[in-house]
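Heads up, the thing below is written out as structure tokens.
Atoms within each ligand, like the ligands themselves, are counted from 1 in listed order.
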Amino acid sequence: MDIDNPLTIEKLPLAALKKNRHLSSEKTKKLMELKTQNTAGHFPDKIQAQKAKGKLTARERLAYLLDQDSFEEIGLFVKTRSHDFELQEKSPAGDGVLTGTGKIGGRSVAIFAQDFTVLGGSLGLAQAQKIARLMDLALEAKIPVIGLLDSGGARIQEGVDSLDGYAQIFSRNVKASGVIPQISAILGPCAGGAVYSPALTDFVFMVEGIGNMFITGPDVVEKATGEKVDFETLGGTKVHSEHSGVCHFAAQSEQDCFRQIKELLSYLPQNNLETSPITLTADKDNRETALLEMLGDMNPKKPYWVQHAVRQVADDHKFFEVQQNYAKNIAIGFLRLAGRVVGVVANNPAHMAGALDIHASHKAARFIRFLNAFNIPLLTFVDVGGYWPGIDQEHGGIIRHGAKILFAYAEATIPKVTVILRKAYGGAYIAMGSKYMGGDLNFALPSAEIAVMGPAGAVGILYSKEIKRSPNPAEMTEKLSKEYAGRFASPYQAASTGSIDEVVEPKKLRLKLIQSFQLLAKKRLAASPLLRGNMPL
Ligand code: HXC
């Protein structure tokens, strides 16, 4: 070629262009053939077996979850380098996982989907490196990463390479923590150490009937402990969404799971440098929340679902609850106020009188830390009589676990608005976003009772001798309790000391909250010296 007169496309005669196109189209044809071959699925019998279990294939999952035609695959041709155990034939191109980027609701995400039809989706080194590379890309591009898990765990044939592969993923989970949202969906088995990647992510979804998570399966459990158990009872969706708290969202079907993932993402920013998108609403800022008046007329011991109060103030009455069936004494989740996303933590008197116990403390603290990492303001609704008493709680470490909630509130630098709906007693009052723990604006409804403890407990201590000496202790306790309640069981002592900024008319609460979060929207605090604080985990 003439170096001083290089051939450019403009200089090529049409005939040559056509010829070249023909030449390159052969190569392109080959590429297309390879792509078709590798995307069609390698083992029809395994695809059939996957369907027989009521499961979608990895590619179908991506098609359901991502915006139409938005998947851009990365690493389609990656293959295991191991030649042991006929792995070259058994694990063709792709190595049992699809990785790439796509869009959800028009916003970019990085995504991987394990393919159970290839060696049970087991993870060898090449698969691990595909996932790790994707996570690096997600961190560089500052976009959320989603994992669709369906795997028998470490690929046994690859030995320690598989374990090293997991280590590469775990270390990236930690590096990405608090920088980009990380979401895991368990759509099949997730066994052994493999469970720790989802556990390191922010939100875990599980699909009933097909998703399982456990460190050791039923066989090993029986050998080690003599306990007989099946997959569902050991580590099914119900167990992890109701008892262990490992699962944040339980889904009835894969489609339901994908719908919920999309909804969750709509509340989240893409990364820790951004804020959540603002969504238009027809709900009026000054819509009255008169239903909250009922709290004033209610017996203070009467249970009610706090979710009703939360929905009252939310745009379009919509509350997207997280860990709905775990530690139900505290409700956490997302709502919007005049289009702006807010995270909610609320005591729920319908369960254990809304008291704080070990699980509730952990649940709330982790959620607050998530909000803080991703610039999502925090709204706290308080109706709590205290920490839950009992030997189990004390021996289980309620002191240590209860302290998590104090730590999480105090270290959070996001806008924090607290509303006392009804009871706010003792240590639980302090813990739940109180003013001197760093609350920006603290309100109370007229129904609020803010005191060191409830009236009956307080008079029992203050007047124990008088009550014992009284001819009618019950009557005396009731009389004294009423006097105490009149004096302390209201918001006004707290308002007189500045612990409460304002006592708000119930019907105006939505407007008050909208104005408060608008006011605080630009709150930015310098990095806290607690950045490396040692939370009591
Ligand atoms: C290699 C595996 C595999 C694995 C499954 N397969 N798990 N291959 N390594 N870990 C293969 C099977 O041999 C089979 O291959 C195919 O995947 C489908 O598996 P089936 O058993 O036929 O399917 P099913 O009946 O649905 O049972 C799925 C399963 C079961 C429950 C996941 O396969 C199972 O118990 N696997 C082992 C799970 C486990 O103990 N994993 C922990 C590994 S140790 P063919 O060719 O027959 O189709 C670990 C430690 C990680 O993960 C530590 C990280 C820190």
Problem - Ion pair check, Arg259 and Glu254, cut-off under 4.0 Å - result: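 Salt bridge flag = no for Glu254 with Arg259.
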Practice task
May I ask you to check if Lys363 and Tyr326 form a cation-pi contact, with NZ or CZ under 6.0 angstrom from the six-membered ring centre and within 45° of the axis?
Solution key: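 No, Lys363 and Tyr326 do not form such a contact.
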Practice task
Using the six-membered ring of Phe258, assess whether NZ or CZ of Arg61 lies under 6.0 Å from its centre and within 45 degrees of the ring axis.
Solution key: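 The answer is no, since Arg61 fails at least one limit relative to Phe258.
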Problem - Listed once per pair and sorted, the side-chain hydrogen bond (donor to acceptor under 3.5 Å, both in side chains) pairs that draw on residues 199-210, sequence neighbours left out - result: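 For residues 199-210, and leaving out neighbouring residues, the side-chain hydrogen bond (donor to acceptor under 3.5 Å, both in side chains) pairs sorted by first residue read Ser184-Thr201.
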Problem - Residue shell around ligand 1, heavy atom under 4.0 angstrom - result: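 Ligand 1 is contacted, at a heavy-atom distance under 4.0 Å, by Lys46, Lys53, Phe116, Leu119, Gly120, Ser122, Gly152, Gly153, Ala154, Arg155, Ile156, Gln157, Leu163, Tyr166, Phe170, Pro189, Ala191, Gly193.
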Problem - Any residue meeting salt bridge (charged side-chain N to carboxylate O under 4.0 Å, His left out) with Glu321, in chain and number order, not counting sequence neighbours - result: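 With neighbours one apart ignored, the set is empty.
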Practice task
Could you note down all residue pairs passing salt bridge (charged side-chain N to carboxylate O under 4.0 Å, His left out) where residues 124-142 supplies at least one of them, sequence neighbours left out?
Solution key: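 Every salt bridge (charged side-chain N to carboxylate O under 4.0 Å, His left out) pair that includes a residue of residues 124-142, provided the two are not neighbours, is Asp136-Arg172.
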